[in-house]
Amino acid sequence: MLALGGACVGPTGRTFVTGRILPRQIRFVTLREATPGQEGGQRSACIHVRLTRANTNESVLCRFGVETPLRTHEGVISLPLAQRIAADRINEAAQAVFGSATIDSPLGMLCELMKAQLRTTFEASLAGARFRAQCDERAPPVLFGHVTL
């Protein structure tokens, strides 16, 4: 399990998100090689984030996948660049969603809000990038957590 950090409800009821996913923690697998000199190819990563409610230990596993091309019209997308884009967008989505959560926020709803946020921002980050509600079976899941509310 790798650390995303935690989301702690402070005295004002505001949630603080700590920690970050590091780019090297995103484990992409190549699904399809790019044809030399042409756009295409595909790599995929499977992400699992465990959300836990501190006062009851209720827990939800938030699962999703992200995919990037190996080459776009702008050139080759290196593995480190794909990892950085994915990590940055996941961290931003976690901050946006969990930062406004409360101790009473439904965990399943928070997961869906994070996925909706991530779908918009990840796909806008790179031509050909895709958010997937389900992981590709060839991509081994990487567990991040516990995000505790």
Side-chain angles (χ1 to χ4, degrees), residues 1-10 14-34 39-55 57-103 105-149:
M1 184 178 346
L2 303 170
L4 170 60
C8 304
V9 179
R14 183 167 182 267
T15 306
F16 299 94
V17 180
T18 61
R20 296 186 62 75
I21 293 175
L22 302 175
R24 70 174 183 267
Q25 295 173 311
I26 306 294
R27 295 186 191 142
F28 278 104
V29 296
T30 300
L31 303 179
R32 187 177 63 252
E33 292 293 338
E39 293 178 37
Q42 183 181 29
R43 62 170 60 98
S44 181
C46 180
I47 309 297
H48 291 183
V49 178
R50 180 157 315 277
L51 308 176
T52 304
R53 188 173 318 286
N55 62 344
N57 284 331
E58 171 191 5
S59 185
V60 168
L61 191 59
C62 189
R63 303 172 195 170
F64 55 89
V66 292
E67 297 177 356
T68 68
L70 296 169
R71 184 179 185 89
T72 69
H73 65 282
E74 295 178 353
V76 173
I77 306 302
S78 68
L79 178 59
L81 176 59
Q83 291 171 309
R84 184 179 57 78
I85 290 169
D88 287 352
R89 297 301 86 79
I90 294 167
N91 288 326
E92 291 164 4
Q95 187 70 39
V97 171
F98 304 136
S100 62
T102 69
I103 195 79
S105 297
L107 298 180
M109 181 190 73
L110 291 173
C111 173
E112 293 305 314
L113 289 171
M114 180 178 165
K115 292 193 300 190
Q117 172 82 17
L118 187 56
R119 175 184 306 276
T120 302
T121 59
F122 185 71
E123 292 183 358
S125 294
L126 178 66
R130 294 184 190 99
F131 171 86
R132 299 288 187 207
Q134 301 294 321
C135 293
D136 187 287
E137 61 193 30
R138 296 169 283 183
V142 178
L143 178 61
F144 294 97
H146 289 272
V147 176
T148 305
L149 300 174

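Any value given below was found using the heavy atoms of this structure, including those in side chains, with hydrogens, waters and symmetry copies removed.
- T68 is not listed as a side-chain neighbour of I85, based on a closest heavy-atom distance of 4.5 Å or more.
- Side-chain contact between P69 and R71: absent, with no pair of heavy atoms (C-beta onward) separated by less than 4.5 Å.
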Exercise answer: donor-acceptor pairs, residues 111-119 side-chain atoms, under 3.5 Å, sequence neighbours excluded:
{"residue": "E112", "atom": "OE2", "partner": "K115", "partner atom": "NZ", "Å": "3.2"}

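- In plain terms, the two heavy atoms of A139 and C46 that are nearest each other are O-CB, 3.6 Å.
- Residues T121 and R89 bring no donor and acceptor atom of their side chains to less than 3.5 Å of each other.
- Side-chain N or O atoms of S78 include one that pairs as donor or acceptor with a backbone N or O of L81 at under 3.5 Å.
- When side chains are defined from C-beta on, H48 counts as touching C135, because their heavy atoms get closer than 4.5 Å.
- The closest side-chain donor-acceptor pair between R138 and S44, if any, does not fall under 3.5 angstrom.
- Using a 4.5 Å heavy-atom cutoff, the side chains of S59 and R50 are in contact.
- Annotation: salt bridge (charged side-chain N to carboxylate O under 4.0 Å, His left out) contacts of R43 (sequence neighbours excluded): none.
- Inter-residue side-chain proximity for L126 and I77 is flagged as met; some heavy-atom pair is nearer than 4.5 Å.
- You'll find the side chain of R130 reaches within 4.5 Å of the side chain of E123, heavy atoms only.
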Step-by-step side chain to side chain contact (heavy atoms under 4.5 Å, CB included) determination, L70 to E33: CA-CA 7 Å; L70 296 169; E33 292 293 338; 4.1 Å; yes
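- In this structure A86 satisfies the side-chain contact (heavy atoms from CB on, under 4.5 Å) test together with I26, F28, V66, F122, sequence neighbours excluded.
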Which is it for E67 and R132 under the salt bridge (charged side-chain N to carboxylate O under 4.0 Å, His left out) test, yes or no, and what are the steps along the way? CA-CA 8 Å; E67 297 177 356; R132 299 288 187 207; 3.5 Å; yes
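- Q83 is not listed as a side-chain neighbour of D88, based on a closest heavy-atom distance of 4.5 Å or more.
- For the pair V29/P140, a side-chain contact is recorded, criterion being any heavy-atom separation below 4.5 Å from C-beta on.
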